[in-house]
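Just below is one structure, and these are the notes that go with it.
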Amino acid sequence: MLRRALVTALLALTISATLTAPTQAAAASPLDAVKTLLTARAKAEVASDRAAFADTIDPQAPAAFRDAQLKSFDGLTSLPVQSLSYDVRVDLIGDLTRAVSRSEYGGATVYLPQTIRALQFTLDADAPGLDDMWWTYVQRDGKWYVGGNDDVTDLGLEPTESMWDLAPVVTLQTPHVMLIVHPENRDRGQALAASAENALRTIAQRWTLPWPGRLVGFVPSSPDELATIIQATIDVKKFVAFISYAFDPESLRATVPRLYVQDTNLSRYGTAQQTETLVHEFVHAAGAAYTGPYTPAWAQEGLADWIATGLPKPEAPTPQLNDTPPRNDQFGAGSQTDIVRAYRDSKSLVAELAVLKGKAAPFDFFKAMGADIVRPGNSDYVVDKSLAVLGLTTGELIGALRRG
Ligand SMILES: [Zn+2]
């Protein structure tokens, strides 16, 4: 299963149109002052300087907000952080300040731009993971502070909650994997990290494109916790694990992928099947660098299942397959049977591609799809174009699978 966020680019159109109507002679933008505040905040976090961090919180904020901020600080500073920084911008989704009720801040001047956290752990290869924070900034006696985080939830912009914001965490590290778990799950986390190392050895034999080969993963204690931290729009109880990444707003390239385990389900499987599941997920992680925002789910899931199950031959199509490959929504919505069929048909389409054009063809196809930065609405075009390079059409691929 793969979860991708296209936070910044997609929201831009709708929200800025609603909220950033022209305003009369606006005061000087607090953007630079807020950037200075966040530089101090990041510095305090990296240095584990709790007092300096506390100085960045609105002195008039409710105790609950202040306590949650400090709890987040304590959790984050318990982790092996390589670098941390914040970017503040209004060019992607606009200035959201008009959505803030100033009376909640005692009538003080407030500011709500987009805040992007770039957090890199020591295990991360060469780039950070990105998260939107949606903090509200408030000015008191000329100084800016972080004052709130839930003023735009009505717009669907939920506060980012990380595992360490919710409860204490520990890290379990093997040569290529770092798992973040709650302390009571330490033993289970160690077993999972060992399975993950096995999965990485397997993928090294089957995945042929360069990738960093290491990963940071999260093992929440419950499906509800998982749903909170990934802001799930699907029923996580149906799934066993996710790879999640966003697309960098500038380059539209994938940010560092993260693993999320739905262990209520995964832990029910035998060890071999757990490892196979992790191989599937790691294909998504390895493929992130070759993925564009509109690489379709069937190509992602088909490739992941084909590799995880040992590069098998195609199976006969299910009754669900029609003239086109499974649609993106068929991998998350519908009954369990329907979802399983979407995966199976996708795996067989990728396997058929390997039968027709050789074992390298699925990789060449995948790479070709991600090579162009795709724009909204032309996913079909990119699939067709990428198959054409191999001398095939989608119709011919499906036809060959049907004939068996
Ligand atoms: Zn998947």
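Fair warning: this is a prediction, and the values are worked out from it, not measured in the lab. Both counts, for ligands and for their atoms, begin at 1 and track the order of listing.
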The Zn ion (ligand 1) to nearest N/O/S of Met1 less than 2.8 Å: yes
Can you measure from CD1 (Ile230) to CD (Glu161) and round to the nearest 0.5 angstrom? 13.5 Å
Parallel, tilted or perpendicular: rings of Phe218 and Trp164 (30°, 60°): tilted
min-distance N/O/S atom, Glu301 vs the Zn ion (ligand 1), resolves to OE1
Mind reading off the angle at the Zn ion (ligand 1) between the NE2 atom of His280 and the NE2 atom of His284, rounded to 10°? 100°
Would you mind checking if Arg258 and Asp124 are paired as a salt bridge, meaning a charged N to carboxylate O distance below 4.0 Å? yes
When the side chains of residues 170-178 are checked against the rest of the protein, which donor-acceptor pairs come out under 3.5 Å, sequence neighbours left out?
from: Thr174; atom 1: OG1; to: Val177; atom 2: N; distance (Å): 3.4
from: Thr174; atom 1: OG1; to: Val177; atom 2: O; distance (Å): 3.4
from: Thr174; atom 1: OG1; to: Glu197; atom 2: OE2; distance (Å): 2.8
from: His176; atom 1: ND1; to: Glu197; atom 2: OE1; distance (Å): 3.0
from: His176; atom 1: ND1; to: Glu197; atom 2: OE2; distance (Å): 3.4

